[in-house]
Amino acid sequence: MSPRLLKGLSVPVFALALTAAACGGNAKDAAAPAAPAAPATVVDPATAAGVTGTIKLDGAVPPVTAIKMSADPICARQNKDPKSDSLVVAADGAIANVLVYVKDGLTGNFPAPATPVVLNQTGCQYTPHVFGVQVGQPLQIVNSDPTLHNVHAMPNANQEFNTGQPIQGMKFDHTFSAREVMVPFKCDVHGWMNAHAAVLDHPFFAVSGPDGKFELKGLPPGKYTLEAVHEKLGTQTLTIELAAKDAKTADFSFKAAS
Amino acid sequence: MLHLFSRLVVAATLLLIFAGGLVTSTASGLSVPDWPNTYGWFMFSFPLDKMVGGIFYEHGHRLIASTVGFLMVILAVWLWRAEARPWVRRVGFVALGAVVAQGVLGGLTVLFFLPPPISIAHASLAQLVFCLTLTVATVTSQGWHEGYQRMTGSAREGDRLLMRLATLTAAAAYIQILLGATMRHTEAGLAIPDFPLAFGHLIPPHWTAKIAIHFAHRLGALTVTLLVLATAGHVLAHHRRRPSLRNPAILLLIVLGTQVTLGAYVVWTAKQFIVNSAHVANGALVLGTALVLALRTHRLFGRHARQAGSSRVNRATAAHLGVRA
């Protein structure tokens, strides 16, 4: 092998390094925070309407998926019979962890509350598994486990972040700057841990419970598009018109995956 | 001793490539969110009992990488002090620079959440580091110093065809690895879910960017296979009595067969992480074996070998080659 050949070999080595360095990161740019141009919208309690409903699965109820936590003995000790929260369906077909929100039809400015939404890591699972948070509202992420976690949010419209929480009791605060449904969260240490957040510019959202029920309260009268989002089953939408003090029902049905 | 040490560095680098494959295959690349620290700890003081889940793979990869870096410093210094040939000393320093750049790329890809361009560069440079260490190990061997002549008598003049074939095979293997790294870091590994067909056809009936990347890797495999068969076939047909060529040619056939099999199982097992990582590491073996074969053909039939052969013990040439004449 000639010295010239070796000299040539050194070129791609550094070219590669330089190219990669020049590429830089692709950390997603956060969308500009919404400027609160308009005064806060106040919904008159005398006319406020509400929607309740149930989310059901159309098809065979899938079996509960067990999680193997043997990769971390502390998790395995803490959570003796862990089950996946990704698709939780009751015997009657009621689906939990479906986010229902007003997708279209709202006007006004709904400032974010100062009270934080808490995302807890306990038993090496996220609680809640699905949640809503307003743009600008604090999100507090807590590690209640005696093991370490990393919290990795992978949004598109907001800033991606990945932070470590090696010590039990650690807290991390974050606020999202742009509306986005849904933002996935994962722990790369424990591959089974994931959660989903809906970042909205209003407070009209709810997550279905184990009985599949949800409730949207305090809506101003109007015509709305409601969307139900499930991480595995996709989305369903419907339109609803609410008069003053209406209490209507809006049920959603998802087809079981074939 | 220097040659033995360089072989140790080669083995450590191969282990590092396998460990890197495990990081990607287990999706553990971001399980340690900071760099160069680990969850705020200095890397070497991170408690072993906290190496759980994805951290085991990511932090383990960092520890092995640090060890390889340390070994590479020793190798470069050793070459600088003990090696007579300036170009070999330069290879040592280039390898050291490459491994430092490799560490920086590894850190950047973590801090920027695994952007494909940086991750692909990290994977590609890893293979170049492996090639550089393998080059040092090859050119510091006794066989190289002796020009691979002793075992078989004088070199057959020429065989430029083999030189070209072997070099082309090594280059094709590296390009194939670049394609593989691109496929891996753009999550196109299962873009075509069946093998050996593609969606039941020889050519995919529909195309996306991921399918194109995946299919390019399959075409690359076919190209490398044909080149390996041509090179190894040529060696076995014309240089069967020359162990310095015959042995790597046979090894090349073995690692190629293993690689194709592993590639098939990557698809059939839906990227089972051990199979996937073994495919990455064995890819380095295909490249490395092709490189050794190419280096030896250049040593046997290249310009320097012919000069050395014509003057037998030509002092000037021997000094240039580092042979203590």
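Each chain gets a letter, A, B and so on, in the order the sequences are listed, and its residues count up from 1.
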Problem set entry | Heavy-atom neighbours of Gln140(A) CD exceed 12 at 6.0 Å | yes

Exercise. More than 12 heavy atoms of other residues, nucleotides or ligands under 6.0 Å from NZ of Lys83(A): is that the case?
Worked result: yes

Exercise. Quick one: does Leu148(A)'s side chain get under 4.5 Å of Ile55(B)'s, heavy atoms only?
Worked result: yes

Seminar exercise, completed: To the nearest 0.5 Å, atom CD1 of Ile167(A) lies from atom OH of Tyr39(B) at 12.0 Å

For this session: Step by step, work out the side-chain contact (heavy atoms from CB on, under 4.5 Å) result for Val52(B) and Thr147(A).
Result: CA-CA 9 Å; Val52(B) 293; Thr147(A) 189; 4.3 Å; yes

Problem set entry | Phe56(B), CZ atom: more than 12 neighbouring heavy atoms under 6.0 Å | no

Exercise. Is any side-chain heavy atom of Trp41(B) less than 4.5 Å from a side-chain heavy atom of Pro166(A)?
Worked result: yes

Problem set entry | Those residues that, when tested against Thr26(B), pass side chain to side chain contact (heavy atoms under 4.5 Å, CB included) (two or more places apart) | Ser28(B), Tyr57(B), Phe273(B)

Exercise. Pro33(B) and Gly164(A): which non-hydrogen atoms are nearest, and at how many Å?
Worked result: CG-N, 3.4 Å

For this session: Enter the distance from Asp49(B):CG to Ile74(A):CD1 here, rounded to the nearest 0.5 Å.
Result: 7.0 Å

Seminar exercise, completed: Of the listed Lys186(A), His190(A), His152(A), the one with the largest count of heavy-atom pairs under 4.5 Å with chain B is His152(A)

Exercise. Looking at CG of Asp188(A) and CG of Leu114(B), how far apart are the two atoms once the value is rounded to the nearest 0.5 Å?
Worked result: 8.0 Å

For this session: Output the residues of residues 192-202 of chain A for which the shortest heavy-atom distance to chain B is under 4.5 Å, in residue-number order; output 'none' if no such residue exists.
Result: none

